[in-house]
Amino acid sequence: MSKFDIDSLLNELGSDEDDAPVQPGAARDPRAEDESAFTEVFRPEEDHAVERELGQVLLERSIITPAQLTSAQTVIRQSPGRRMIDVLLEQEVEEEGVQRVVAELSCLPFERIDVNKIDDSVEGKLLQRLTPGFCKQHEILPLRTEGSRVVLGAVRPDDVFLIDEVRRRLGLGSLKIVVLMRADIRAVLDIYGESTSEDVDVDSILNDIEEDDVQVQQNEQEEVDLEKQAGESPVIRYVNYILQTAVKEGASDIHIEPQETRLKVRFRIDGILFEAMNPPAAMNAAITSRLKIMANLDISERRLPQDGRIRCVVRGRKLDLRVSTIPTANGEKVVMRILDTRSINVSLDELGFDENTLGIWKNQIEEPHGIILVTGPTGSGKTTTLYASLRQMDKQRMNISTVEDPVEYHLEGVTQTQTHEKIGMTFARALKALLRQDPDVVMIGEIRDMETAATAVQAALTGHLVLSTLHTNDAPSSVTRLINIGIEPFLVGAALNGVLAQRLVRRICQHCKEESKPSEEMAEFLELNGMGAQTLYTGKGCDKCRNTGFSGRVGIYELLVMDDQTRDIVARNPNVSEFRRLCVERGMTSLREDGLQKVRRGLTTVTEILRVTESSH
């Protein structure tokens with residue numbers, strides 16, 4: 001990357017009038033001027049020198065390790081045309097640290113984008129002129145206008161030919177360049193253009209929603225428009241409207257429920273179902289048939305449950321919808337799970353672990369062998385925790401494989417296998433096959449039978465790290481569940497490294513958060529749990545949180561780590577209550593205790609903690 005002043009170079013390249021002094025009697029030679037300008041901009045030797053300097057600065061500041069720098073240099077030598085930045089980011093180096101150094105070496109400012117304030121962060125009209133596709137391809141964003149100049153954010157600020165093309169497309173004389181993160185640009189482009197309209201009546205909806213607003217993907221490589229049915233049928237547009245509204249509201253599930261006299265559509269947001277709209281009851285069969293067609297289901301079969309999958313693009317965002325239908329007394333009920341990679345793509349640091357628990361969990365997933373379990377009811381975030389843990393691992397040096405039912409999200413650098421019960425591809429059979437593939441880490445979607453549990457224990461005892469889930473209420477119960485499945489207690493004690501029980505509680509909305517005094521009954525409860533009567537926080541309710549007082553969710557955790565004494569206790573096959581008491585005596589923080597700590601920090605409410613932990617106490 002060049003050390004030149006980018007703005008002045010672009011002005012020189014793009015100027016229509018030559019401001020350089022001309023010797024009397026000398027003729028101008030445009031080709032000589034262009035050649036001079038190019039000579040100043042493009043110097044291969046200096047580019048390589050700057051890349052070497054970038055690597056050294058990153059190394060000196062401990063942003064990368066010597067091994068990562070050596071690996072990147074090897075890739076660059078063996079792959080002509082590759083850039084240091086791109087190679088390092090592929091190695092999952094911290095992008096913000098890299099881009100800050102890039103900005104410093106380029107003598108340019110570095111900026112972050114707040115995706116929650118996208119309207120204030122991005123110049124929408126200029127983005128439309130450049131087109132989101134062009135911006136995504138070249139990793140740029142027009143941010144704002146300062147005077148007569150447009151501020152352009154770029155991942156690679158030294159690509160002067162690209163910047164010149166942007167000037168040409170926008171018809172500008174010069175640009176101000178700032179350095180952005182690739183992740184910020186992709187996040188903006190993923191959500192740009194989402195619908196912001198409020199719920200309106202059916203006639204208004206049909207005027208605003210077009211049939212091609214949602215596109216079905218027949219396969220991973222091809223996107224096609226929705227199938228046209230019944231000419232200009234309003235059902236297509238109404239189904240599109242339901243999907244758009246669900247994505248806009250951040251729903252995880254869509255429930256379409258036929259009632260005796262009406263049709264009810266509900267969205268699950270932050271774990272709670274909210275009624276969203278009531279289409280005309282006469283549209284029930286048509287809406288269900290439309291969704292079946294999108295999911296490649298049999299529209300003529302209404303007596304049996306069916307399951308399918310819709311791959312679609314909703315206003316520029318690629319989504320997977322898991323569709324389930326079941327016959328009821330009033331017609332077929334449809335439930336769709338929205339699988340959005342943005343919701344699963346979070347790091348361990350963002351899940352809500354306290355500092356001590358996070359450190360212990362990171363040590364657990366770095367163990368060379370053993371079984372690590374994540375337990376909790378459906379919808380408690382187990383998959384998110386496991387995926388975040390796998391992303392934490394070094395995929396460059398390890399062979400990581402998973403067996404899932406089904407594969408909900410795709411992880412880069414991980415071998416993912418899906419089970420098929422009908423053809424005999426069970427968890428146990430898939431796991432046995434993966435163990436012949438020289439794995440370092442194996443993730444099993446769920447341990448649900450003796451054969452799978454026995455294979456997982458055998459894998460852990462023969463030098464593999466096994467991650468899996470169980471459906472139990474707390475961490476100690478998982479140990480007794482494995483024994484009840486049929487695994488010998490001494491094998492459970494030898495193979496098991498740790499168990500993490502978790503729940504998701506709703507966060508207090510930051511826009512309407514306020515202090516509140518606990519009632520006498522609540523104060524007594526807090527006193528019994530060691531918190532004492534103190535100021536609590538609650539959400540008053542506002543437009544940002546649909547007047548619920550909550551926005552988003554955070555995890556609460558109970559981590560049981562096996563040591564020599566705990567293994568001896570497990571080998572004696574204790575009952576659940578006795579084993580739980582012993583674990584608490586040895587320092588295990590319970591789900592409720594961890595939740596009350598988050599209440600103390602003002603993240604959630606006591607009512608929320610009691611709601612999700614009642615079954616574990």
Side-chain angles (χ1 to χ4, degrees), residues 214 216-219 226-227 235-236 238-247 249-259 262-279 281 283-314 317-341 343-344 376-384 404-410 416 418-423 425-427 445-446 448 469 471 504:
V214 178
V216 174
Q217 288 187 291
Q218 301 293 359
N219 52 53
L226 288 177
E227 298 175 24
V235 176
I236 297 176
Y238 201 97
V239 169
N240 293 349
Y241 171 69
I242 293 174
L243 298 179
Q244 289 179 34
T245 307
V247 172
E249 294 290 337
S252 61
D253 299 87
I254 303 172
H255 292 237
I256 302 176
E257 304 169 335
Q259 307 291 312
R262 65 189 181 118
L263 184 62
K264 184 165 62 175
V265 177
R266 295 195 292 172
F267 298 154
R268 187 178 295 278
I269 303 173
D270 295 337
I272 304 296
L273 280 169
F274 295 90
E275 188 165 345
M277 59 188 74
N278 294 117
M283 296 181 68
N284 178 23
I287 289 175
T288 302
S289 296
R290 174 62 190 161
L291 291 170
K292 283 184 173 182
I293 289 172
M294 295 170 68
N296 292 319
L297 301 180
D298 184 1
I299 63 173
S300 64
E301 180 55 76
R302 300 183 180 181
R303 301 165 299 172
L304 295 174
Q306 297 188 66
D307 296 301
R309 173 182 181 181
I310 300 173
R311 310 195 80 179
C312 63
V313 179
V314 180
R317 281 175 58 183
K318 291 185 178 180
L319 301 175
D320 271 4
L321 306 178
R322 296 294 162 86
V323 182
S324 173
T325 69
I326 190 170
T328 69
N330 297 308
E332 287 184 283
K333 176 180 176 179
V334 181
V335 176
M336 290 179 284
R337 166 67 59 89
I338 301 175
L339 303 179
D340 184 0
T341 54
S343 64
I344 202 76
T378 301
S380 60
K382 300 187 297 297
T383 300
T384 301
E404 303 170 66
D405 180 25
V407 175
E408 294 186 350
Y409 302 95
H410 295 280
Q416 295 175 272
Q418 182 163 318
T419 62
H420 294 280
E421 295 283 348
K422 292 182 179 180
I423 60 173
M425 184 64 165
T426 61
F427 276 113
E446 181 185 353
R448 58 176 67 163
T469 67
H471 286 92
L504 292 178

Practice prompt. Go through the steps to decide whether Leu273 and Phe267 satisfy the test side-chain contact (heavy atoms from CB on, under 4.5 Å), and finish with yes or no.
Written response: CA-CA 5 Å; Leu273 280 169; Phe267 298 154; over 6 Å; no

Worksheet entry | Chi angles and distances behind the side-chain contact (heavy atoms from CB on, under 4.5 Å) call for Arg302, Ser289 | CA-CA 10 Å; Arg302 300 183 180 181; Ser289 296; 4.2 Å; yes

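- Rounding to the nearest 0.5 Å places CD1 of Ile269 at 10.5 Å from CG of Asp253.
- Applying the side-chain contact (heavy atoms from CB on, under 4.5 Å) test to Glu275 and every residue at least two apart in sequence or in another chain returns Arg262, Lys264, Arg266, Asn278.
- Residues Val239 and Met294 meet the side-chain proximity criterion, which asks for heavy atoms closer than 4.5 Å.
- Here the CG atom belonging to Leu297 is positioned 12.0 Å from the CG atom belonging to Leu304, to the nearest 0.5 angstrom.
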Practice prompt. For Arg290 and Ile242, run side-chain contact (heavy atoms from CB on, under 4.5 Å): C-alpha distance rounded to whole Å, both residues' side-chain angles, the deciding distance at 0.1 Å, then the answer.
Written response: CA-CA 12 Å; Arg290 174 62 190 161; Ile242 293 174; over 6 Å; no

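- Looking only at side-chain heavy atoms (C-beta outward), Arg268 and Ser252 come within less than 4.5 Å of each other.
- Of all heavy-atom pairs between Pro377 and Ser380, the closest is O-OG, 2.7 Å.
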Worksheet item: Run the side-chain contact (heavy atoms from CB on, under 4.5 Å) check on Lys382 and Glu446 step by step: do they pass?
Response: CA-CA 10 Å; Lys382 300 187 297 297; Glu446 181 185 353; over 6 Å; no

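- Looking only at distances, no side-chain donor or acceptor of Ser324 sits under 3.5 Å from a matching main-chain atom of Asp307.
- From Leu321, atom CG reaches atom CG of Leu243 across 6.0 Å, with rounding to the nearest 0.5 Å.
- With a 4.5 Å cut-off on side-chain heavy atoms, Pro406 and Arg309 do not count as touching.
- Inter-residue side-chain proximity for Met277 and Tyr241 is flagged as met; some heavy-atom pair is nearer than 4.5 Å.
- Taking CD from Glu421 and OG1 from Thr426, the interatomic distance works out to 6.0 Å, rounded to the nearest 0.5 Å.
- Between Ile256 and Met336 there is a side-chain heavy-atom pair separated by less than 4.5 Å.
- The distance from atom CE of Met283 to atom OH of Tyr238, rounded to the nearest 0.5 Å, is 6.5 Å.
- The closest donor-acceptor contact from the side chain of Gln416 to the backbone of Tyr409 lies under 3.5 Å.
- A distance of 11.5 Å separates CG of Leu339 from CD1 of Ile310, quoted to the nearest 0.5 Å.
- When every heavy atom of Gly381 is checked against every heavy atom of Leu504, the shortest pair comes out as N-CD1, 3.9 Å.
- For the residue pair Asn284 and Gly331, the shortest heavy atom distance occurs at ND2-CA, 4.3 Å.
- In this structure, Gln306 contributes its side chain and Lys292 its backbone to no donor-acceptor pair below 3.5 Å.
- Listed here is the closest heavy atom pair of Pro327 and Pro305: CD-N, 3.9 Å.
- Pro258 is not listed as a side-chain neighbour of Glu332, based on a closest heavy-atom distance of 4.5 Å or more.
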